[in-house]
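For reference, the structure is listed below as C-alpha cells.
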Amino acid sequence: MTRRGTRRAVGLLLTGALLVGGCQSAPERRDGPSGAPSSPDFRPGAAGIGDDYFPTYGNGGYDVDRYTVRVRYDPADERLTGATTIEATAVADLSSFNLDLSGLTVSKVTVDGADARHQQEGSELVVTPAAGLRTGTGFRTEVTYAGRPQPIENETLGEGGWLHTADGAVALGQPESASSWFPVNDHPSDKATYDFEITVPEGLTAVSNGVPQGRSSADGWTTWKWAERVPMASYLSTVVIGRFRVSTGEHKGRPVYHAVSTGLPKGPADESMAATVRVADYLETLFGPYPVQAYGGVAIADPRIRYALETQSRPVYGPSFFARGSNVEVVVHELAHQWFGNSVALTRWSDIWLNEGFATYAEWLWKEHDGGPGVQQTFDARYAEASPQLWSTPPGRPGPENLFSESVYQRGAMTVHALRLAVGDEAFFRILRTWPAEKRDANATTDEFVALAERISGKQLDDVFDPWLYGTRRPTHPQPR
C-alpha cells in the first residue's frame, strides 16, 4: 500500500472457497435435533486465527483452496445479492466452522449439497454441517446472502471495505475488506484462488483481480468474469464498479488491463499506468520472474480513497496520486508488492515491514535507475530528516495502531539498505531474488527472512536487524563493510 495523507484502512477481502482434496468421510451419527455430531472427537473451529495484532481475524480448523464469488449489485438501490462457493479442506475434526461476513444477511448454507444450520453472530457466520468433517476431508460450502453492503469499522485503523460511489462501488482495503461483500476466511495466512462473476447494470464496468474471462449481457445487466489463479490473500481481492476508460493489451503472454475512471481528467493517471509493463520488466531484473498472471491497474475518482493498494495483479490508485501529473513511483511501489506482500504474503500482521519496507526500497531503486538520486543519497536524506516518532516506533514491532506508520515504510526501507551495506551488493541482490523464489505463493515471517539473509551472506546479522527493526532509538549510520 502507498498512503496519501491520512490513510483509511479497508477490510480484508478473502472470498469464500474451501480446499478441494482428500476423501469425503461418511456422515456421523447425530444426537437429537441439535445436529451436533455424536462423536466427542468433533469440535467447533476457532472463530479467529490468533494473529498477534488481530486475534479475531480469520478462522481456524480449515484451509481454503478456492472461492467462486457471484454477486449482483444495483447502484440505484445499493443492494447486493450473492452466492459464494468455498472449497476447503478440514485441518481438524470439525463439528462446525466459521466464516467472516459483515453487514449482509445469509438466507441459506449448504455443505457438500446438504442443508447446513447457520447462525450470524456479528461479523461471524457459524456453519454447522449435517455431518462432522474429519481432518483431511475436502468439503464444498455454498452461501447465499443479500443486503446493502457497508464499510467495516476498525477501532484502530478506521473505515474500510465496501464503499458506494457516485457511479458504482469499490471494495478495497487493508487489513480487512473482503468480508464486506462475500463470506471468507479473512486473514492473509489462508491464501486461495478466486473466480469472480460480477453482474451490474448494462453500461457499467466491473473490474476485479486476475485474468479477464469475458462478459455477457442480458435483460439490461452485464456479467463480468475474472479469475485469479495465483494464490491470493483475501485483503488483496477487489471489485471496482463504475464508468472507466479501458485500455487492454498483452505483454509476455499475459493480459494487460487498465481502467481509469471517467471522473478523472485524461492524462496523468493514464500515462502513469501505461508505464506498468516497463516498470514490471525492470523489477524482474531485481526480484526474478513476475509472479502473477496479469498486468494492469485501476484509477478511481472517489476522494475518500486516499491511498493506493496492491490488489493482486491490478493495483487500485486513489485520485490524489495523479493530482499533480503523472506518478510512476506509486506504480513502482504497488508493483513491487506483487513480489513482496502478494506472492510472499504475511503470516502475521506484525511483520508488515516485509511488505512496505521492500516496496519503498523498490521506489528508491527505480529513482536511481530512472536518472534520479542514488539509493545511498535517498537513504542519507531519510536518515537525516526522520522525525523522532519514526525512531521510537520499531518497524518490526509497530503495534496495530502504527501498522501503516512512516516507520514501517521509511525505516523499513532503511533496514533493507542497512542490510545491503552489511552484506555487500552481490549477496544483497541474491537475497532479493532468492526470497521471492523460495517463498513464492506462500506465507513468511521476519525470522525466516533473517535466516535466509544469514544463510546467503554467511554473516550473523543481529547487529543489523536488532537496532533497525526493534530498537526505539536512531541506529548508528551504517557504513559499507
Side-chain angles (χ1 to χ4, degrees), residues 275 278-291 328-329 331-344 351-386 390 395-396 407-440 444-471 474-481:
R278 177 166 59 95
V279 169
D281 285 351
Y282 167 69
L283 294 178
E284 278 193 317
T285 69
L286 302 172
F287 307 146
Y290 186 64
V328 176
E329 285 181 25
V331 175
V332 174
H333 187 103
E334 305 312 328
L335 286 181
H337 276 310
Q338 306 306 308
W339 287 264
F340 296 94
N342 294 15
S343 180
V344 186
D351 285 333
I352 193 171
W353 84 275
L354 287 170
N355 295 12
E356 302 302 346
F358 282 91
T360 302
Y361 197 73
E363 292 183 61
W364 298 4
L365 290 165
W366 171 264
K367 283 189 268 190
E368 183 176 76
H369 166 76
D370 203 39
V375 171
Q376 185 64 48
Q377 184 179 351
T378 302
F379 173 90
D380 290 341
R382 298 291 187 275
Y383 185 87
E385 298 164 0
L390 183 139
S407 176
V408 168
Y409 290 72
Q410 298 300 326
R411 188 168 156 187
M414 285 190 275
T415 301
V416 176
H417 192 64
L419 171 65
R420 178 179 178 178
L421 295 178
V423 304
D425 277 7
E426 192 277 331
F428 175 74
F429 286 104
R430 272 202 294 135
I431 292 167
L432 285 194
R433 293 178 67 87
T434 303
W435 178 248
E438 291 190 0
K439 294 293 184 180
R440 183 169 181 146
T445 66
T446 295
D447 288 345
E448 290 173 311
F449 178 76
V450 171
L452 178 138
E454 292 184 336
R455 168 165 60 86
I456 289 177
S457 68
K459 297 176 181 290
Q460 208 280 339
L461 295 170
D462 286 355
D463 59 342
V464 175
F465 290 111
D466 283 355
W468 282 98
L469 286 183
Y470 304 113
R474 182 161 68 172
T476 303
H477 192 293
Q479 301 298 321
R481 296 182 181 179

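Position 1 is the first residue of the sequence; numbering continues from there.
The only option from Phe358, Trp435, Tyr290, Tyr361 that meets the ring-ring contact (aromatic ring centres under 6.0 Å, His included) definition with Trp339 turns out to be Tyr290.
Minimum heavy-atom separation, Ala336 to Leu283: N-CD1, 3.7 Å. Closest non-hydrogen pair, Gln410 versus Leu390, comes out as CB-CD1, 3.9 Å. Between Pro467 and Asp462, the shortest heavy-atom distance links the atoms CD-O, 3.6 Å. The nearest pair of heavy atoms linking Trp468 to Ala418 is NE1-CB, 3.6 Å. When all heavy atoms of Pro291 and Gln338 are compared, the pair lying nearest together is CG-O, 3.2 Å. Of all heavy-atom pairs spanning Ala444 and Val344, the tightest one is CB-CG1, 3.8 Å.
Considering only heavy atoms from C-beta on, Leu419 stays 4.5 Å or farther from Thr415 through its side chain. Side-chain contact between Val450 and Thr446 is present, with at least one heavy-atom pair separated by less than 4.5 Å. Contact of the Phe449 side chain with the Trp353 side chain is registered, since non-hydrogen atoms from C-beta on lie closer than 4.5 Å. His337 has its side chain within reach of Glu356: a pair of non-hydrogen atoms, C-beta onward, lies under 4.5 Å apart. Side-chain contact between Pro475 and Met414 is absent, with no heavy-atom pair separated by less than 4.5 Å.
Checked against the 6.0 Å centroid criterion, the rings of His417 and Phe428 do not qualify as a close aromatic pair.
Here the side chain of Glu454 pairs a donor or acceptor atom with the backbone of Leu461 at under 3.5 angstrom. With hydrogens and angles disregarded, no donor-acceptor distance shorter than 3.5 Å links the side chain of Arg411 to the backbone of Arg474. A donor-acceptor contact shorter than 3.5 Å is absent between the side chain of Glu329 and the backbone of Glu363.
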Verdict with supporting geometry, Phe429 and Leu286, side chain to side chain contact (heavy atoms under 4.5 Å, CB included): CA-CA 7 Å; Phe429 286 104; Leu286 302 172; 4.0 Å; yes
CA sep, side-chain torsions, deciding dist, call: Val416, Trp364, side chain to side chain contact (heavy atoms under 4.5 Å, CB included): CA-CA 11 Å; Val416 176; Trp364 298 4; over 6 Å; no
Worked verdict on Thr434 versus Leu452 for side chain to side chain contact (heavy atoms under 4.5 Å, CB included): CA-CA 8 Å; Thr434 303; Leu452 178 138; 3.9 Å; yes
Worked check of side chain to side chain contact (heavy atoms under 4.5 Å, CB included) between Asp380 and Gln376: CA-CA 6 Å; Asp380 290 341; Gln376 185 64 48; 2.9 Å; yes
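Once rounded to the nearest 0.5 Å, the distance linking CZ of Arg420 with CG of Leu432 reads 8.5 Å. Atoms CG and CD1, on Leu354 and Ile352 in that order, are 9.5 Å from each other to the nearest 0.5 Å. Atom CD of Gln377 sits about 10.5 Å away from atom CZ of Arg382, to the nearest 0.5 Å. Summarising the geometry, atom CG belonging to Asp370 is positioned 12.5 Å from atom CG belonging to Leu365; distances are rounded to the nearest 0.5 Å.
Judged purely by distance below 3.5 Å, without hydrogens or angles, the side chains of Asp351 and Thr445 never pair a donor atom with an acceptor atom.
Between Tyr282 and His369, the angle of the ring planes stays under 30°, which puts this pair in the parallel group of the 30/60° scheme. Ring-plane geometry between Tyr409 and His333 is classed as parallel, the angle between the planes falling under 30 degrees on a 0 to 90 degree scale with a further cut at 60.
A salt bridge links Glu426 with Arg430: the closest approach of a Lys/Arg side-chain nitrogen to an acidic carboxylate oxygen falls below 4.0 angstrom.
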